[in-house]
Structure formats: C-alpha cells, structure tokens
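Keep in mind that the numbers below use all heavy atoms, side chains included, and drop hydrogens, waters and symmetry copies. Both counts, for ligands and for their atoms, begin at 1 and track the order of listing.
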Amino acid sequence: MASSAPLVVRLLASSVSVASRAGKIVRDVMSKGELGMFQGKDDYQTEADRSAQRCIVASLSAQYPKVNIIGEEDGPESESELPSDWIISEADKEVLSLECPVNLHSVKEEDIVVWVDPLDGTSEYTQGALMLKRDPWERWKMYLTHPLISIKWYLSLLQSHYGFLEHVTVLIGISVNDKPVAGVIHQPYYKTMLGGEKILGRTIWGLQEVGVGGFTPAPPPDSLIITTTRSHSNPLVEKALQVMNAGQIVRVGGAGYKVFQLLEGKASIYVFASSGCKKWDTCAPEAVLSAAGGKLTDILGNYYKYGGSESRPNKTGVLAAVNDELHSYAVKRIPQELKDALSK
Ligand SMILES: Nc1ncnc2c1ncn2[C@@H]1O[C@H](COP(=O)(O)O)[C@@H](O)[C@H]1OP(=O)(O)O
Ligand SMILES: [Mg+2]
Ligand SMILES: [Mg+2]
Ligand SMILES: [Mg+2]
C-alpha cells in the first residue's frame with residue numbers, strides 16, 4: 001500500500017505487520033511438532049528461526065531494497081521458494097498515521113540498518129516444545145514409572161515448560177546513524193481472552209520522541225526487582241546480580257521478553273554481565289525501551305552502536321532500566337573489576 005508517510009514511519013508500520021506474520025510461522029512450526037534443530041555458527045537454530053527470518057527479510061527487502069537488513073540466522077540460503085503468504089506488504093495503519101520526529105523526516109534507505117532476531121529465546125522455545133511434543137501416553141508412563149512424582153509436581157512441570165514459550169519474541173530494530181530509533185517486539189505466545197475466545201500474540205512498537213503503542217506500560221514495582229537470564233548464567237553474571245541489592249531476581253529467557261517485563265512493571269532493571277547477546281538481540285529492545293522513557297546500554301553505561309559494520313557481539317553485556325535514575329544506580333553498583341573483566 002503506497003503511503004506518503006516518511007520512510008522511518010512506513011518501515012516501522014511494515015515491521016509491525018511482518019512481525020505478527022513471523023510470529024505465526026513460529027507457532028506453526030511448533031504445532032507441526034518438528035523443530036528441525038541445528039547447530040549454527042555459534043548457536044542453535046530451528047526451522048522456526050530460519051523461516052521467520054526469511055519471511056521478515058524477504059518482505060522488508062521487497063519494499064525497501066536499499067535498506068541494510070541484518071538477520072541473526074546465517075545458515076545456507078534455502079533453495080525452496082518462499083510461500084506467497086510469507087511476503088507481507090501490509091503496513092500497520094495506526095503506525096502509518098504517526099507524526100514522524102523532525103530529525104527523522106529526511107532519512108534515506110541507505111542511512112538505515114535493520115537488525116532482525118526472528119526468534120529471541122530459542123532456548124526457551126525448544127524447552128517449551130519438549131513437553132508439548134511428548135505424546136500423552138508417554139507423559140502418563142513417565143508419571144506411573146516415577147511414583148515419587150506427585151501429580152501436582154508433574155502438572156507444575158508441564159505448566160512451567162509451556163510457560164517458557166511466553167518468553168519467545170520476534171525482534172525488528174531500526175537504526176539510523178548507529179542509533180536505534182524505532183523497533184518492534186512481538187510475543188507470539190501471549191494469550192488474551194476476547195469474548196471467550198483465545199487470541200494469541202501481542203506486539204509493542206516504539207518510535208523515538210513519539211512513544212510506544214500496541215501495549216500500555218505499567219509503573220515500575222515499588223521494590224527493586226531485577227530481571228536476568230535463565231539459560232546463559234556464569235560467575236560474572238551472578239556477581240553483577242549480587243551487588244544490585246535487589247529484593248527479588250526474576251530469571252527469564254530472551255532480551256525482548258525482559259524488556260516486556262520492565263514495561264509491564266514486573267521488574268525495574270535488566271542486568272546481564274556477559275557477552276552472549278548480539279546487536280539483533282538489543283536493537284529493537286533498546287528502541288522500544290527508550291521510546292517508553294527507559295535506557296539500555298552495556299554494563300559500563302555506554303550505548304552500543306548499530307551501524308552495519310559494527311561487530312555483532314555485545315561484548316560488554318546489557319544493563320537496562322525503566323528510567324535514568326535506576327539506570328545510573330545500576331551502573332554505579334557494578335564494581336570496577338567486573339567492568340574490567342568484561343572489557344578485556
Ligand atoms: N551465550 C549465548 N549464546 C548465544 N546466544 C545468546 C547467549 N547469551 C544470550 N544470547 C541471546 O540473547 C538472548 C537473551 O539472553 P538470555 O535469554 O540468556 O537473557 C537469548 O535469547 C539469545 O538469543 P537467541 O535466543 O535469539 O539466540
Ligand atoms: Mg540464537
Ligand atoms: Mg536473540
Ligand atoms: Mg534468535
């Protein structure tokens with residue numbers, strides 16, 4: 001659909017629409033029951049990661065051919081043709097009607113780098129699948145052959161594995177001159193009940209100076225609650241958590257989901273003192289969080305740069321908070337030797 005809206009606004013509107021389609025692909029792969037796991041260059045990926053990325057990259061590059069789009073998954077190019085319903089040309093109408101910030105009016109395609117994480121929280125996606133995949137008889141056998149497992153414990157295990165799927169997000173971050181200016185976080189397994197019907201998926205978008213949409217942020221919790229990794233911890237990560245003096249630590253998967261936690265008032269600071277996250281993990285979360293008044297940097301308090309030639313790893317970790325005050329509190333608490341250890 002042709003629109004006279006400025007490029008950044010159109011690209012954000014297209015990203016909102018394509019992120020939902022990618023989220024449906026993620027659910028469809030899970031429903032088929034065959035994840036097609038494989039070990040990529042430095043990480044596992046599944047059929048859902050690959051297919052969702054193909055959908056996003058093909059849809060955006062068809063409409064914005066000169067934009068540099070960088071996706072997480074770098075496996076061999078698939079020979080198979082893309083299903084036609086994976087190419088999305090729609091654009092979200094609410095976003096299209098936004099007032100573009102003045103400094104982004106004249107941005108050209110060549111000035112933009114889009115960072116795509118087609119499935120953030122792959123570890124949680126595969127663990128969520130584990131319980132769903134097993135056939136019901138297998139589950140009963142597991143119960144019957146383990147008399148020490150109570151039904152209550154077993155049901156809570158089932159619930160927690162399914163709950164991991166909520167940690168999965170699709171991330172599309174739009175950066176201009178190294179800075180994330182707009183972004184989309186789509187959560188394919190979020191459940192809402194509408195008139196007795198279950199609706200799956202929700203999307204939040206953020207645009208610099210405009211704010212966020214698709215979701216209403218809640219105020220931060222009264223006490224200090226930290227959100228952090230559940231699957232990539234190590235001694236440095238734990239040290240950084242200890243020094244925060246938090247009332248509670250919540251361990252969940254994915255960078256996108258942790259930003260949802262911040263914006264839902266379930267936590268106020270996100271700390272990850274390790275090098276595992278990459279630019280596609282943080283571009284959209286940073287854009288959305290800063291549009292909502294928060295801040296995302298490395299552990300030293302410095303912003304990452306999102307130009308196309310920047311190195312992919314976020315070597316010096318992630319530190320994000322719902323406002324500047326909590327962010328500076330967290331930066332000050334990190335001891336110098338921990339900052340030095342990550343900067344080496
Ligand atoms: N050591 C690591 N190796 C690969 N990816 C990592 C690592 N640490 C973090 N990530 C990526 O950053 C996201 C947030 O990390 P965490 O869940 O540990 O807080 C993960 O979901 C994963 O993204 P992805 O699932 O897209 O591969
Ligand atoms: Mg990965
Ligand atoms: Mg990721
Ligand atoms: Mg990923």
Side-chain angles (χ1 to χ4, degrees), residues 15 18-30 35-57 60 69-76 78 113-129 164-175 180 183-189 203-204 227-233 237 251-262 270-272 274-289 296 298 304 306 310-320:
S15 301
V18 77
S20 287
R21 183 65 188 93
K24 180 162 186 320
I25 292 174
V26 167
R27 291 193 300 265
D28 289 347
V29 170
M30 175 71 73
L35 296 193
M37 286 259 274
F38 107 32
Q39 171 77 62
K41 199 155 61 90
D42 42 27
D43 200 5
Y44 277 102
Q45 50 170 273
T46 70
E47 186 55 40
D49 299 66
R50 293 186 290 277
S51 298
Q53 177 161 312
R54 287 181 75 202
C55 158
I56 296 167
V57 174
L60 295 183
I69 303 172
I70 304 175
E72 174 181 4
E73 309 310 343
D74 60 351
S78 172
V113 182
V114 172
W115 294 90
V116 176
D117 187 342
L119 197 169
D120 185 45
T122 301
S123 178
E124 285 69 26
Y125 183 70
T126 53
Q127 285 174 47
F164 288 158
L165 292 179
E166 285 220 348
H167 303 191
V168 168
T169 56
V170 176
L171 306 175
I172 305 180
I174 300 170
S175 70
V184 178
I185 307 178
H186 173 75
Q187 195 185 6
Y189 287 99
T203 306
I204 182 172
T227 181
T228 191
T229 182
R230 63 162 285 279
S231 57
H232 297 103
S233 193
V237 168
R251 295 172 193 269
V252 295
Y257 186 64
K258 282 191 262 296
V259 165
F260 260 122
Q261 295 252 301
L262 294 182
Y270 163 13
V271 186
F272 183 56
S274 179
S275 57
C277 286
K278 317 277 181 344
K279 296 289 174 301
W280 41 75
D281 292 304
T282 50
C283 187
E286 180 178 338
V288 171
L289 185 62
L296 186 149
D298 70 359
Y304 282 112
Y306 292 88
E310 296 297 328
S311 72
R312 284 22 179 175
N314 289 342
K315 199 168 159 286
T316 38
V318 180
L319 207 166

**Q** Is the side chain of Lys278 donor-acceptor paired with the backbone N or O of Asn314 at a distance under 3.5 Å, no angle test?
**A**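 Flag not set: sc Lys278 to bb Asn314 has no pair under 3.5 Å.
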
**Q** Under 2.8 Å from the Mg ion (ligand 4), which protein N, O or S atoms do you find? Ignore water molecules.
**A**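 Those protein N, O or S atoms (cut-off: under 2.8 Å from the Mg ion (ligand 4)) are Glu72 OE1, Asp117 OD1, Leu119 O.
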
**Q** Could you check whether any side-chain N or O of Asp281 sits under 3.5 Å from a backbone N or O of Ala255, counting only pairs where one atom can act as donor and the other as acceptor?
**A**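 Judged by distance alone, no pair lies under 3.5 Å.
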
**Q** So, Lys258 side chain and Gly254 main chain: donor-acceptor pair closer than 3.5 Å or not?
**A**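 Indeed, once roles are kept as given, a pair shorter than 3.5 Å links the two residues.
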
**Q** Any luck finding a side-chain donor-acceptor pair between Thr282 and Glu286 under 3.5 Å?
**A**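 No, Glu286 and Thr282 have no side-chain donor paired with an acceptor closer than 3.5 Å.
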
**Q** Which residue in the set Val170, Ile172, Leu171 passes side chain to side chain contact (heavy atoms under 4.5 Å, CB included) when paired with Ile185?
**A**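 Exactly one option meets the side chain to side chain contact (heavy atoms under 4.5 Å, CB included) with Ile185, and it is Leu171.
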
**Q** Describe, in one word, how the ring planes of Tyr125 and Tyr189 are oriented to each other, choosing from parallel (under 30°), tilted (30 to 60°) and perpendicular (over 60°).
**A**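 Correct class here is tilted.
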
